[in-house]
Protein chains: 2
Amino acid sequence: MAAVAGKALGDSAFSAPGQRGTRQRRVIREWLGTSAAFVSAQQVREGIAAKGDAVGLTTVYRTLQALADAGEVDVLRTDTGEALYRKCGTGHHHHLTCRSCELTIELAGPPSVEKWSQSTADEFGFNDVQHVIELSGTCSNCR
Amino acid sequence: MAAVAGKALGDSAFSAPGQRGTRQRRVIREWLGTSAAFVSAQQVREGIAAKGDAVGLTTVYRTLQALADAGEVDVLRTDTGEALYRKCGTGHHHHLTCRSCELTIELAGPPSVEKWSQSTADEFGFNDVQHVIELSGTCSNCR
DNA sequence: ATTGACAATGACAACCGTTTTCACTTAGAG
DNA sequence: CTCTAAGTGAAAACGGTTGTCATTGTCAAT
């Protein structure tokens, strides 16, 4: 149910068996690539509409979810529960976000967390640990 | 806007000017104290109802929010956007949560993060940094 | 003890992001 | 070209949360 096959199939995602290449998916992925910030599903739709393309909100939600499942985008929740998406660079990283303007900076984690999280997991008998670190503060502009 | 004054006022919260001591608030705080896990607003209400007390859902939401603002409870969001609350121990801490059963363990942070987050914030010109670390994994029971 | 002002409550409706439904369209294999 | 299952999207459903507003309760002042 959850897991999508998604093997290595060249560099074009959505080539998994039973997945079709449609205009909508192409447009959404392209648009995401141009945005550096975290955006909501609605913003994606608006951004695309502003370019003259139209994609149904339902499709935006479904596509973003698929991208998230495939690990192509990061997802995070605002404190109102809204989901924000962002095309993520390769590899593991964390975020420093301005509480006022939402400016987000991608960070490498502190060198020691990997070890710490693993040993903590071991200590409590947990497997497959993942860690998320979010820093928030007030950026120089919003000071 | 974010920061709440919350001075030392003895050990009774809800003593801020213009705040009254009501049955509902007492009951909610008491019930929270008996639950070690993260719970939703609805669960709080049900738990209280099961004890024979009745509190309106609206009041539960408002009270939990007030407690969260006052720093008396931790808030986190499930991946469905639902808010979960938990009476937190004193001081700063993090969580290790089982992705399957939601079992949550309270952790002290790795020793170096404080320094790291401060220096990272400095580097990017951010003030008032806060950090959140969430570890997730599969606990031994859910293996 | 009584009063009165205003905080608090709670049933209910509104909100809003997200998901489901379902009839219609379309990509792409044969 | 044809066929079929995947994809689409408008609209409705959903579910957690927040707003509304008439009523109730607290507590300081009397």
Side-chain angles (χ1 to χ4, degrees), chain A residues 1-2 4-6 9-10 12-29 31 38-49 52-70 73 75-86 102, chain B residues 1 4 9-10 12-31 38-49 52-70 73 75-86 102:
Chain A
M1 5 210 66
V4 172
L9 291 158
S12 155
F14 288 125
S15 325
Q19 304 236 84
R20 294 176 181 174
T22 64
R23 176 185 64 83
Q24 290 86 339
R25 291 182 180 178
R26 231 166 356 245
V27 169
I28 291 172
R29 299 183 77 224
W31 192 87
F38 276 94
V39 289
S40 66
Q42 323 244 14
Q43 286 176 310
V44 171
R45 188 168 120 104
E46 282 162 24
I48 288 173
D53 289 308
V55 178
L57 192 52
T58 312
T59 301
V60 173
Y61 275 110
R62 275 191 292 235
T63 304
L64 287 174
Q65 213 163 279
L67 288 169
D69 284 348
V73 297
V75 191
L76 59 82
R77 296 257 164 195
T78 66
D79 42 6
T80 67
E82 189 180 17
L84 299 183
Y85 304 85
R86 184 194 193 190
E102 301 285 321
Chain B
M1 0 236 86
V4 171
L9 291 159
S12 156
F14 289 125
S15 324
Q19 305 234 88
R20 293 175 181 175
T22 64
R23 176 185 64 83
Q24 289 86 342
R25 291 184 181 177
R26 230 164 358 243
V27 169
I28 291 172
R29 301 182 76 223
E30 257 164 42
W31 192 86
F38 275 93
V39 291
S40 67
Q42 323 244 15
Q43 286 175 311
V44 171
R45 188 168 121 104
E46 283 161 24
I48 288 173
D53 288 309
V55 178
L57 192 51
T58 311
T59 301
V60 173
Y61 274 111
R62 274 191 293 236
T63 304
L64 286 174
Q65 214 162 278
L67 288 170
D69 284 347
V73 298
V75 191
L76 58 82
R77 296 260 165 191
T78 67
D79 42 7
T80 68
E82 189 180 17
L84 300 183
Y85 305 84
R86 183 194 194 191
E102 301 284 321

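Values below: all heavy atoms of this structure, side chains included; hydrogens, waters and symmetry mates excluded. Small disclaimer: the values here were computed from a predicted structure and weren't measured. Reminder, nothing fancy here: chain letters follow the sequence lines and each chain counts from 1.
Taking atom CG of Asp79(A) as the reference point, atom C1' of dG17(C) lies 15 Å away to the nearest angstrom. Glu46(A) places its CD atom 14 Å from the P atom of dC16(C), with the value rounded to the nearest Å. The nearest whole Å value for the distance from the CD atom in Gln43(A) to the P atom in dG17(C) is 10 Å. What separates CD1 of Ile28(B) from P of dT9(C) is a distance of 7 Å, to the nearest Å.
Between the Arg77(B) side chain and the Asp79(A) main chain, a donor and an acceptor come within less than 3.5 Å of each other.
Axis orientation changes by 30° from one end of the helix from dA1(C)-dT30(D) to dG30(C)-dC1(D) to the other, with each end axis drawn from 5 pairs and the value rounded to 10°.
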Nucleotides 10-17 of chain D: protein proximity per nucleotide (B base, S sugar-phosphate only, - neither; heavy atom, under 4.0 Å): BB----SB
B/S/- contact track for nucleotides 24-30 of chain D, protein heavy atom under 4.0 Å: -BBS---
Show me the donor-acceptor pairs, under 3.5 Å and distance only, between side chains in residues 52-61 of chain A and residues at least two apart or in other chains.
none

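Scanning for side chain to side chain contact (heavy atoms under 4.5 Å, CB included) contacts around Ala49(A) gives an empty result, with sequence neighbours left out. Residues passing the salt bridge (Lys or Arg N to Asp or Glu O under 4.0 Å) test with Arg86(B) are Glu106(B), sequence neighbours excluded.
Taking both residues in full, the closest heavy atoms of Ala68(A) and Val75(A) are given as CB-CG2, 3.4 Å, listed atom of the first, atom of the second, then distance.
Side-chain contact between Arg62(A) and Gln65(A) is absent, with no heavy atoms from C-beta onward closer than 4.5 Å. Side-chain atoms of Val44(A) and Tyr85(A), non-hydrogen and from C-beta on, never get closer than 4.5 Å to each other.
For residues 38-49 of chain B, every residue pair satisfying the side chain to side chain donor-acceptor pair (under 3.5 Å) rule, not counting sequence neighbours, is listed here: Ser40(B)-Gln43(B).
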